[in-house]
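Some notes on the structure that comes next.
Chain letters run A, B, ... following the sequence lines, proteins first, then strands; residues in each count from 1. FYI, side chains are in, hydrogens and waters are out, and symmetry mates aren't considered; it's all heavy atoms of this structure.
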Number of protein chains: 2
Amino acid sequence: MSSVLSGEADDRRGLTTQIKAALRDLRNELSILNRQVSARIAVKDGDLDCLDLITRHGPLSPSGLARLAGVHPATLTGILDRLERAGWVARERDVQDRRAVLVRALPQRSREVFHLYAGMNSALDEICAGYDQSQLEVVADFMRRAADAGKNAAQELADGEQAAHGKPSPP
Amino acid sequence: MSSVLSGEADDRRGLTTQIKAALRDLRNELSILNRQVSARIAVKDGDLDCLDLITRHGPLSPSGLARLAGVHPATLTGILDRLERAGWVARERDVQDRRAVLVRALPQRSREVFHLYAGMNSALDEICAGYDQSQLEVVADFMRRAADAGKNAAQELADGEQAAHGKPSPP
DNA sequence: AAGATAACATATGAGTTCCGTATTATCCGG
DNA sequence: CCGGATAATACGGAACTCATATGTTATCTT
């Protein structure tokens, strides 16, 4: 068989491994950056994750947010208490369903956190400037797929947890 | 002025914005995945971050790890206590400097966590299979740069914190 | 249509974690 | 050797997490 072909296959395998390693690294560094930013605005890093979710996924209910963030509902109450007390978010009752609450991010303070990410932001601009358009498309595409894969993997783990403690598997 | 050129510039700007959004999303999803994995092995998610760092950056000292992970040294003592008690890592005294300690990951249990990431792992294999070699190189390269940018940004924030509380700026 | 049931958010409290500071052990320069 | 610096940990108060309980409102059942 062709050594050229198997050589290419090896390269691909190696690259895939490199990508996984880079992804672990990336997650870790971004996680640390997140921690530093959190410390600056005097919230827990989990709180900042939630704030980010609230900002991006519009006004939403605490229970929805709990599912989205993968935290216990009671924990989320505490998180929202802190975010609300510090003026990051507002709670308002849902007019459709008066049991429910809608949480929305307040725009004023959001600028602060944006400013803290300014360094990372401009660094990313510089990095992106080094690629051509089709390459940027590849990168954006890859990251969206990877994020989706992460979401699915997390969901499967959550479901598995469910199955382990509850009924084995619904028919 | 050329509408074609400004159109391309607009596309690039849009792509850069998309990449930043995708990166936020990616970080968030991976963070949630991390939380689920942590819950499965009964450790805090910060603990898992540290375990990952220990695994990847070989045996290292608690103080080095504290710097690397961006956590308070006293907090790290607690983290290591938990990881050690559960059999994830071992502490051993450094023979060169008997004040110091070396922390190393124990291989046995590491397989468990590997298994929990199996779903994500195979999903990434599939995703990577959809790109050709040069595209994979672009992705790997981008992620390494982004991780580096994150590290620098976090470092700058940490230094700024230092400057804010200590001397304004050393000459 | 009325009552039972479920869903939503939050209160409560026990157990755990975080982190500023103090303590102990060790290294290094003079 | 000794004084100062550095590594890791001990300690304790404040803060956090989470299982469970509670009060309110919606939805289902018959």
Find the distance [X]:[atom1] to [N]:[atom2] and express it as a whole number of Å.
X	N	atom1	atom2	answer
A:Arg99	D:dT24	CZ	C1'	9 Å
B:Asp81	D:dA10	CG	P	7 Å
B:Ile79	D:dT9	CD1	P	12 Å
A:Arg91	C:dT10	CZ	C1'	8 Å
A:Arg93	C:dA7	CZ	P	18 Å
B:Asp97	C:dA25	CG	C1'	10 Å
B:Gln96	C:dC28	CD	C1'	15 Å
B:Leu76	D:dT9	CG	P	9 Å

- Test item: A:Arg40 side-chain N/O and B:Leu157 main-chain N/O as donor-acceptor pair under 3.5 Å: yes
- Message: Quick check against the 3.5 Å criterion: does A:Gln135 have a side-chain atom that pairs as donor or acceptor with the backbone of A:Asp132?
- Response: yes
- Query: Taking NZ, NE, NH1 and NH2 as the nitrogens, is one of them in B:Asp148 or B:Arg144 under 4.0 Å from a carboxylate oxygen of the other?
  - Reply: no
- Message: Can you tell whether the side chains of B:Arg13 and B:Asp10 come within less than 4.0 Å, N to carboxylate O?
- Response: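 Between B:Asp10 and B:Arg13 there is a salt bridge, with a charged N closer than 4.0 Å to a carboxylate O.
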[X] side-chain proximity, nearest of [options]:
X	options	value
B:Ala100	C:dG20, C:dC18, D:dA7	D:dA7
A:Ser63	C:dT10, C:dC8, D:dT25	C:dC8
B:Ser61	C:dT10, C:dC19, D:dA8	D:dA8

- Item | Pairwise 5' ranking along DNA chain C for A:Ala74 and B:Arg82, keeping only the more 5' one |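 Upstream on the strand: A:Ala74.
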- The answer to which of A:Val95 and B:Pro73 contacts DNA chain D further toward the 5' end, by nearest nucleotide, is B:Pro73
- A:Thr77 side chain N/O closer than 4.0 Å to the phosphate oxygens (OP1, OP2) of C:dA9? no
- Message: Side chains of A:Asn152 and A:Glu156 only: does a donor on one sit below 3.5 Å from an acceptor on the other?
- Response: no
- Query: Under 4.0 angstrom, heavy atoms only, what part of the nucleic acid is A:Thr75 near: base, sugar-phosphate, or nothing?
  - Reply: base
